[in-house]
Undergrad: 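Encoded as structure tokens, here's the structure I'll be asking about.
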Amino acid sequence: MPRRWAIAGPAMVLAWLAWAPPAAGQAGDGTARDQVREAIASLRPRPGGVLALMGYNVTPDGSSNAITVNRASSNPGGREAAPALTLGQFGFGFTVSNSFPLFLESYVGYARYDPRTLLTGAGARQLPLRWNNAAATLGVGWDIRLTDHLVLRPILNGSLGYAASDSSLFAAFVDNRSDVEFSRLRSVHANVGGYGGSLMLAYYDHRPARDIDVELRYTQIRLETFGDTLAAARGNTTARTLGLWARYRWPTGWEAFGRPVRWVLDGSATTYLGDQRQALGFGWAVKLGGGIEFDVGRHEVGLAGINLSRVRLVARYLFADKGVTGVSFGLGISF
């Protein structure tokens with residue numbers, strides 16, 4: 001029988017990744033004005049642009065974490081460039097009850113990146129221009145029970161996102177090096193809205209001896225800019241992702257908080273089918289990990305009738321195409 005459940009993206013996770021840049025580039029080429037124009041031009045709505053990267057931020061991921069990507073390049077003088085891309089996401093999803101199988105989910109994603117290095121493939125440079133994405137996705141679905149353990153779950157998704165540069169740091173640089181107006185720099189941002197849906201096939205089999213959770217999910221979200229978005233960044237794109245996630249839990253034989261402690265193994269495999277694979281630089285990723293889970297439900301820790309049930313500490317190893325690898329350490333909770 002199903003139960004109320006939630007999956008929380010790790011709140012304290014960091015994976016370090018590295019790969020060679022797709023194209024060579026010289027750091028510090030051109031004037032400050034040229035660099036500003038080049039950075040703005042890199043936001044144009046093409047495959048691999050800012051909208052494609054936003055597609056990664058808005059796609060729900062049950063094993064979400066934070067990653068930092070470094071391209072194998074450095075600034076003049078041998079100093080390492082700042083990371084080209086930092087990504088992260090956290091969120092949750094749950095079914096309201098057995099008698100009312102409404103499914104709700106909410107995810108928040110972020111990104112910080114150098115648009116010139118990441119989106120054009122040019123070499124890293126010291127220009128303090130970084131862009132920041134923030135996006136939120138909500139989902140409403142319905143559980144259609146196929147068997148005692150198998151559930152088909154269609155979900156409607158809606159997203160909102162915002163992308164902007166580090167205007168204050170960038171303005172200070174430009175004020176000393178060129179005559180570009182600060183007011184113009186403040187207008188360099190993008191408003192993004194999205195709509196779409198997901199189809200999930202889930203298998204849940206929970207027994208005293210062990211728990212098995214498996215979810216196969218396809219998500220497609222159409223993203224479009226709106227409002228006072230910078231003209232160079234206006235456009236649309238479609239994020240498409242196919243992912244498989246699984247978790248296996250069994251008792252350790254120990255007890256804590258008056259309940260059994262469990263071992264946890266989990267893994268996920270994700271294929272990026274839309275434009276976001278161009279922005280990320282890799283088309284698929286696999287995460288494998290394990291850890292320990294504590295059942296704290298006996299103590300009824302919570303708020304507004306929602307009580308914390310289980311807390312998981314999990315370490316994961318990530319690998320993807322093009323030689324991308326990484327490790328992560330995360331915290332997960334269930335209600």
Side-chain angles (χ1 to χ4, degrees), residues 7-9 42-67 85-94 102-113 115 118-119 131-142 153-165 187-200 215-243 245 268 270-285:
I7 300 171
S42 71
L43 302 175
R44 288 194 168 85
R46 69 188 193 286
V50 64
L51 279 177
L53 190 58
M54 190 71 76
Y56 179 90
N57 300 141
V58 303
T59 303
D61 184 350
S63 61
S64 51
N65 57 17
I67 60 177
L85 173 64
T86 299
L87 295 166
Q89 188 187 70
F90 60 93
F92 63 90
F94 64 91
L102 179 70
F103 177 81
L104 301 173
E105 66 178 3
S106 176
Y107 284 83
V108 176
Y110 65 88
R112 179 168 169 79
Y113 51 97
L118 179 69
L119 304 180
W131 272 67
N132 306 278
N133 289 3
T137 298
L138 299 177
V140 178
W142 191 263
R153 181 179 294 145
I155 305 170
L156 294 177
N157 292 114
S159 304
L160 281 177
Y162 184 77
S165 65
S187 67
V188 181
H189 64 265
N191 307 303
V192 181
Y195 57 90
S198 306
L199 184 62
M200 180 188 298
E215 296 176 352
L216 177 65
R217 176 172 182 157
Y218 174 78
T219 300
Q220 180 169 311
I221 298 178
R222 179 72 170 175
L223 297 175
E224 298 180 355
T225 56
F226 64 92
D228 58 347
T229 296
L230 179 71
R234 292 175 185 168
N236 55 72
T237 189
T238 300
R240 296 189 297 271
T241 302
L242 178 63
W245 171 86
S268 67
T270 305
T271 299
Y272 305 102
L273 305 172
D275 293 337
Q276 71 268 39
R277 68 186 298 151
Q278 302 291 338
L280 294 172
F282 50 90
W284 58 266

Undergrad: Checking Asn236 against Thr225 for the side-chain contact (heavy atoms from CB on, under 4.5 Å) test, could you report, in this order, the C-alpha distance in whole Å, the side-chain angles of both residues, the deciding distance, and whether it holds?
TA: CA-CA 6 Å; Asn236 55 72; Thr225 56; over 6 Å; no

Undergrad: Glu105: which residues meet the salt bridge (charged side-chain N to carboxylate O under 4.0 Å, His left out) condition with it, sequence neighbours left out?
TA: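 Result, salt bridge (charged side-chain N to carboxylate O under 4.0 Å, His left out) vs Glu105: Arg217.
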
Undergrad: Tell me which one of Val58, Leu273, Thr59, Ile155 satisfies side-chain contact (heavy atoms from CB on, under 4.5 Å) with Thr219.
TA: Thr59

Undergrad: Where is the tightest heavy-atom contact between Met54 and Val192, given as atom of each residue plus distance?
TA: CE-CG2, 4.0 Å

Undergrad: With side-chain contact (heavy atoms from CB on, under 4.5 Å) as the test, would you mind laying out the steps for Asn191 and Tyr162 before giving the verdict?
TA: CA-CA 5 Å; Asn191 307 303; Tyr162 184 77; 3.2 Å; yes

Undergrad: Pick out which of Val108, Asn157, Asn57 makes a side-chain contact (heavy atoms from CB on, under 4.5 Å) with Thr137.
TA: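 Among Val108, Asn157, Asn57, the one meeting side-chain contact (heavy atoms from CB on, under 4.5 Å) with Thr137 is Asn157.
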
Undergrad: Provide the closest heavy-atom pair for Leu223 versus Gly194 in the form atom of the first, atom of the second, distance.
TA: CD2-CA, 3.7 Å

Undergrad: Does some side-chain heavy atom of Leu242 sit less than 4.5 Å from a side-chain heavy atom of Leu216?
TA: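 Answer yes - side chains close enough.
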
Undergrad: To the nearest 0.5 Å, what is the distance between CG on Asn133 and OH on Tyr113?
TA: 3.5 Å

Undergrad: Please examine the side chains of Asp61 and Tyr107, heavy atoms only from C-beta on, and report whether any two atoms are closer than 4.5 Å.
TA: no

Undergrad: With under 30° as parallel and over 60° as perpendicular, where do the rings of Tyr56 and Tyr272 fit, or are they tilted in between?
TA: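 Tyr56 vs Tyr272 ring planes: tilted.
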
Undergrad: Measure the shortest side-chain to side-chain distance between Thr241 and Thr271 over non-hydrogen atoms and say whether it is less than 4.5 angstrom.
TA: no

Undergrad: When rounded to the nearest 0.5 angstrom, what distance separates OH in Tyr110 from CD in Gln89?
TA: 10.0 Å

Undergrad: Do the non-hydrogen side-chain atoms of Leu53 and Leu87 ever get within less than 4.5 Å of each other?
TA: yes

Undergrad: Can you measure from OG (Ser268) to CD (Glu215) and round to the nearest 0.5 angstrom?
TA: 11.0 Å

